[in-house]
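Being a predicted model, the structure only gives us computed values, none of them experimental. Nothing fancy with the numbering, it's 1 onward along the sequence. Both ligands and their constituent atoms are indexed starting at 1 by order of listing.
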Amino acid sequence: MEARDREGWGTRSGFILAAIGSAVGLGNMWRFPYVTAENGGAAFVFFYILMVLLVGVPVMLAEFTIGRRTRLSPIGAMLKAGGRAWMPLGYLFVATGFLILSYYSVIAGWTMRYTLEAALGGFSTTPAEYFSAASEGTSAVIYHLAFMGITIAVVAGGIKMGIERASLVLMPLLFLLVMGLAIWAIFLPGAEAGYSFYLRPNPQRLFSLETLGAAAGQAFFSLSLGMGAMLTYASYLSKQEDLPSAGVTIAGSDFLVAFLAGMVVFPVIFALGLSDEIGESTIGALFISLPRAFTAMGDGGRIIGLIFFSALFVGALTSGISLLEVVVSSLIDTWQLPRATAALGAGLVITLIGVPSAYSTNVLAIFDQVAGNLFLVFGAFALTIFVGWRMDYPVTELQQGFRSEGLLRGWHFTLKFFVPIILAVVLYQVGKDTTLVLYQVVKDILALVF
Ligand code: PFF
């Protein structure tokens, strides 16, 4: 498709809300609170903010720069901006989108099931058993199918009529829900114990590679960076857009929702004396201890639970949409497929790839480690090198819509030197973690076979 007849956002706020929609999702509402509590509380929050500002925002602007310069989806964009040598990076982005959405949709399916459950009859009185039944097996597959169905329908609707319209309604709704919940949580008896568990400053933990890895991994996943989602959304923009301000707004909103989610989760769990259940940062904690707490609060708790899981579902949906859009826009640009065919075709393949994750949370965890951690960090690293060292005049691209050349030069300098060094360290750490996980898998498989 030529850039001339390419679709585009209807309004500036449409783009910003859709990008916030991509960023705010499961990563904010279940991952951030636990990662923070495990890695040093308030000290980690401070460290995480630095990471978002000094690494996350620069990388986001790098994606915006390529997207808006080329006005193409990742594969075509990398070819146009960098030549054949950089095209594989575009393919990696699309592959990462495929893989992340395949398991993300399974977790999103659980949130749908919990939302419906809260609406129809209340949560189970045996949440741990309920979660193991809900998270693996045929019912997980059915909800995974349902979530993919909704995601495909929105993406098939296009940029303005599908993604922008959905974000304009859903994102303000999500903010209101999370904000309302956080205010409500202040008045819970025993809330302070929850806040202090969440935010208890423990600066010692900061000086370790693990914490650096945790903060960076969380920042990339949460800001949807390293797989071309922000690149793709920026490719639908006009040249007047002030991208640096948009980047700061998106990152700030993403952080705010993540932070507020913690201000809900921990007071609720502590108010009900369920802190022993937090234990490991497993995916299940949110789906087991929170419903238990909501049930213990009676009918009011059920309504609060309904609001919580609805917000989680809304966040997951707008993020799932952006993951699918990376794949679909590439099919449209590179192979000239009609949008509806591309959305349905890619959606079906992704749904199939997700089925093993719906049958086993162990498989899901492996996908998350490889695609959600390793590929994102690697993608961001390669992208930084490209924009820092190889791309022609990236600063000029951002100057359209933003005046301060000094700040932009600072940004480019950061991309050349600071960000790649940090990312190389993080990549080493994430690579080590992934090798350990894969090594364990191979050992388990061998043990089964022999
Ligand atoms: N940012 C999303 C979240 O925090 O849940 C997940 C995500 C969406 C990651 C889109 C990557 C992406 F491209």
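Listed by number with element, the atoms of ligand 1 under 4.0 angstrom from any heavy atom of A229 are 13 (F). Listed by number with element, the atoms of ligand 1 under 4.0 angstrom from any heavy atom of Y104 are 2 (C), 3 (C), 5 (O), 6 (C). Atoms of ligand 1 found under 4.0 Å from any heavy atom of S22, numbered from 1 in the order shown, are 1 (N), 2 (C), 8 (C), 10 (C). Of all atoms in ligand 1, listed by their number and element, those nearer than 4.0 Å to a heavy atom of S322 are 10 (C).
Comment: R68 engages E397 in a salt bridge, judged by a side-chain N to carboxylate O separation of less than 4.0 angstrom. By the 4.0 Å N-to-carboxylate-O rule, D242 lies too far from R12 to be salt-bridged with it. Salt bridge E325/R339: present, at least one basic N to carboxylate O contact under 4.0 Å.
Within the 4.0 Å heavy-atom criterion, both parts of F221, backbone and side chain, lie near ligand 1. At a heavy-atom cutoff of 4.0 Å, ligand 1 is contacted by the backbone of A23 but not by its side chain.
Residue G27 has at least one N or O atom closer than 3.5 Å to an N or O atom of ligand 1. Polar contact check, L26 against ligand 1: a nitrogen or oxygen pair lies under 3.5 Å apart.
Aromatic ring pairs are classed by plane angle as parallel below 30°, tilted from 30° to 60° and perpendicular above 60°; the pair F266 and F197 is tilted. By the 30° and 60° cut-offs, the orientation of the rings of Y103 relative to F367 is tilted.
For the pair R31 and F221, the distance from NZ or CZ to the six-membered ring centre is under 6.0 Å and the angle to the ring normal is within 45 degrees.
Rounding to the nearest 0.5 Å places CH2 of W389 at 8.5 Å from NE2 of H412.
The nearest protein atom to atom 11 (C) of ligand 1, hydrogens excluded, is given as S224 CA, 3.6 Å; this is a heavy-atom distance.
Across the listed options E63, Q218, M29, M227, M227 owns the non-hydrogen atom lying nearest to atom 13 (F) of ligand 1.
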